[in-house]
2 protein chains.
Amino acid sequence: MPNTDRISKPTSRRMSLYLRVLQSQLDMQTNSISSKQLGAQTGVKDAQVRKDLACFGSLGRPGVGYRTHDLHQALLCLLGMDQTWKTVLVGAGNIGRALLAYPRFRNEGFDFVAAFDQEKKTVGKRIAGLVIQPMSELKKSVKQNKVQLGLIAVPPDAAVQVAQCLVDAGIRGILNFAPKRLDLPSGIAVVNVDFTDALEQLAFEIRLSNNDIKVMK
Amino acid sequence: MPNTDRISKPTSRRMSLYLRVLQSQLDMQTNSISSKQLGAQTGVKDAQVRKDLACFGSLGRPGVGYRTHDLHQALLCLLGMDQTWKTVLVGAGNIGRALLAYPRFRNEGFDFVAAFDQEKKTVGKRIAGLVIQPMSELKKSVKQNKVQLGLIAVPPDAAVQVAQCLVDAGIRGILNFAPKRLDLPSGIAVVNVDFTDALEQLAFEIRLSNNDIKVMK
DNA sequence: GATTGTGAAGAGCTTCACAGCT
DNA sequence: AGCTGTGAAGCTCTTCACAATC
């Protein structure tokens, strides 16, 4: 039983990285993995890896490392990948449709039970096995199916309203692809994925390495 | 002329948030904005906003705030949005096609000059005004067009190879949508966008707020 | 009166280094 | 010998608080 109080955000992000390494290692029949190896494959220092994994108690064995199977199980459980998460998609535009079809989501326990869109043209179409429903059905569907997660892939102006609707319907967490800040009650988890943000970071970093930021009027 | 030495990663991320607020404010003819207002709309404390903006020198006026126009210009410039970035897409699957069609990219100065895919079925198709080319053309095209940015949206196993190819062709930065760590020479900027990561963070946060992490064998 | 810019304090994260275990 | 777990040191980021400015 991990001491979750001490798991910081940076740590939980790295946990995802460790999990990914473990998943590729499991196929290869490796019995153990050391903090050094894990670190090398994730770009993290070995001491940091050990600190991160300390929340699992004494999982590693000195002189050997961590049993891959046990560590994999522990990470799956910690990151909530040992259960199925009922999920809905709101917004079936280009991005939304790509997300619906993203095979990795289904493989990792995210079960899309419904998808919604405002456009009459889109409603009724079948994508990745789901028929797109009108927004008017959203609240009812989330409640009835006890959906826990919502993916928001609508234009920024609609995002706040959609989020509120999901929260009213009893959702627990939102993955937000709209470039818009969602100010939701505590108790509702929000993770933002913002493509423009990411590209701006990239442009900024390139300029930094160029020593190129001079023009500032 | 900002002192870029002191701009930390957390700060540059928030700069993107400030820029977004400014862009919506500009339309509304507001002359000035205070650190308090900026903070309220981004979820950042006012003192933090002022510290972040300190790299621009004395841009703000005590008692008044920051002139929206000047701040907007400064942020555009800092984040590299005052120029056009020649960009290629590698991988024209569901995600790749959605990215090509994402209108925000074009609006913010990212100019897609070419797109590539391995699948013969996909090559030759026209998406968002671009004809998908075979991978064999990638290196030549990047060199000839002096492309600076690459978007990688290929399966994880192919990502490393594609990245190497882009680097060899002289690219400056990579936005990586493949769930795979890219270990590239310093001087090449990499920003990762990992959907599975994001969903794992969400699942983890929900469990945290549930106080639900008990089972750990 | 309102707001900036910033030194100093506070909080948090990472790295070091080593005792202790296998 | 090799590796973990961890206290302590070092570093970075955030928040506070207030003099200076408009």
Side-chain angles (χ1 to χ4, degrees), chain A residues 1-18 21-22 25 30-71 74-75 201 204-205 208 216, chain B residues 1-18 21-22 25 30-71 74-75 78 201 204 208 216:
Chain A
M1 167 173 171
N3 187 346
T4 54
D5 295 344
R6 296 191 187 168
I7 301 179
S8 66
K9 219 177 204 162
T11 293
S12 74
R13 289 232 189 80
R14 287 189 296 267
M15 292 292 200
S16 289
L17 301 182
Y18 305 150
V21 172
L22 267 282
Q25 293 277 317
T30 3
N31 273 322
S32 290
I33 189 165
S34 68
S35 58
K36 205 174 177 181
Q37 290 174 292
L38 256 178
Q41 290 182 64
T42 51
V44 175
K45 288 234 161 37
D46 58 340
Q48 183 72 76
V49 174
R50 293 197 295 277
K51 271 255 153 76
D52 288 340
L53 301 183
C55 68
F56 297 128
S58 296
L59 191 62
R61 283 181 305 172
V64 182
Y66 303 83
R67 283 194 55 197
T68 44
H69 177 265
D70 293 353
L71 184 53
L75 286 168
Q201 292 312 307
F204 172 72
E205 277 186 39
L208 258 195
M216 188 59 49
Chain B
M1 168 173 169
N3 188 344
T4 53
D5 295 344
R6 297 191 187 169
I7 300 179
S8 66
K9 220 177 203 162
T11 293
S12 74
R13 289 234 188 77
R14 287 189 296 266
M15 292 293 199
S16 289
L17 301 182
Y18 306 149
V21 171
L22 267 282
Q25 293 277 315
T30 3
N31 273 324
S32 290
I33 190 164
S34 68
S35 58
K36 204 173 177 181
Q37 290 174 291
L38 257 178
Q41 290 181 65
T42 51
V44 175
K45 288 232 158 41
D46 58 340
Q48 182 73 76
V49 174
R50 293 197 295 278
K51 270 254 153 76
D52 287 340
L53 301 183
C55 67
F56 297 127
S58 296
L59 191 62
R61 282 181 305 171
V64 183
Y66 302 83
R67 283 194 56 197
T68 44
H69 178 263
D70 294 352
L71 184 53
L75 287 169
L78 182 82
Q201 293 312 306
F204 172 73
L208 258 194
M216 188 63 46

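By convention in this document, chain letters (A, B, ...) are assigned in the order of the sequence lines, proteins followed by strands, and residues within each chain are numbered from 1.
Considering only side-chain N and O atoms, A:Ser8 lies nowhere under 4.0 angstrom from the phosphate OP1 or OP2 of C:dG12. Considering only side-chain N and O atoms, B:Tyr66 lies under 4.0 angstrom from the phosphate OP1 or OP2 of C:dG5. Proximity of B:Arg50 to the phosphate of C:dT4: a side-chain N or O atom is located under 4.0 Å from OP1 or OP2. Neither OP1 nor OP2 of D:dC3 sits under 4.0 Å from any side-chain N or O of A:Ser35. OP1 or OP2 of D:dT14 lies within a sub-4.0 Å distance of a side-chain N or O belonging to B:Arg14.
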Report the C-alpha distance between B:Leu71 and B:Leu38 in whole Å, list the side-chain angles of each, state the deciding distance to 0.1 Å, and finish with yes or no for side chain to side chain contact (heavy atoms under 4.5 Å, CB included).
-> CA-CA 11 Å; B:Leu71 184 53; B:Leu38 257 178; 3.8 Å; yes
Could you check A:Leu53 against A:Leu59 for side chain to side chain contact (heavy atoms under 4.5 Å, CB included), going step by step and ending with a plain yes or no?
-> CA-CA 8 Å; A:Leu53 301 183; A:Leu59 191 62; 5.9 Å; no
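Of the candidates C:dT4, D:dT14, C:dG20, D:dT14 carries the atom nearest the B:Pro10 side chain, counting heavy atoms from C-beta on.
The distance between atom NZ of A:Lys45 and atom P of D:dA9, rounded to the nearest whole Å, is 20 Å. Put simply, CG on A:Leu59 is 18 Å from P on C:dC21, counting in whole angstrom units. When the C1' atom of D:dG2 is taken as reference, atom CG of A:Asn31 falls 17 Å away, rounded to whole Å. Rounded to a whole Å, the CG atom of A:Asp46 is 10 Å from the C1' atom of C:dC16. Rounded to whole angstrom, the span from the CG atom of B:Leu38 across to the C1' atom of C:dA2 amounts to 16 Å. Rounded to an integer number of Å, the gap from CZ of B:Arg67 to P of C:dT3 is 18 Å. Atom CG of A:Leu71 is separated from atom P of D:dC3 by 16 Å (rounded to the nearest Å). Summarising the geometry, the separation between NZ on A:Lys51 and C1' on C:dC13 is reported as 10 Å, rounded to the nearest angstrom.
Between the A:Ser32 side chain and the A:Gly65 main chain, no donor and acceptor come within less than 3.5 Å of each other. Not one N or O on the side chain of A:Gln48 forms a donor-acceptor pair closer than 3.5 Å with the backbone of A:Lys45.
Contact annotation: the side chain of A:Asp70 never approaches that of A:Phe56 to less than 4.5 Å [non-hydrogen atoms, C-beta and beyond].
A residue-by-residue look at B:Ala47 and A:Gly63 shows that B:Ala47 has its nearest nucleotide of DNA chain C further toward the 5' end.
Using a 4.0 Å heavy-atom criterion, one finds that A:Thr11 contacts no nucleic acid atom at all.
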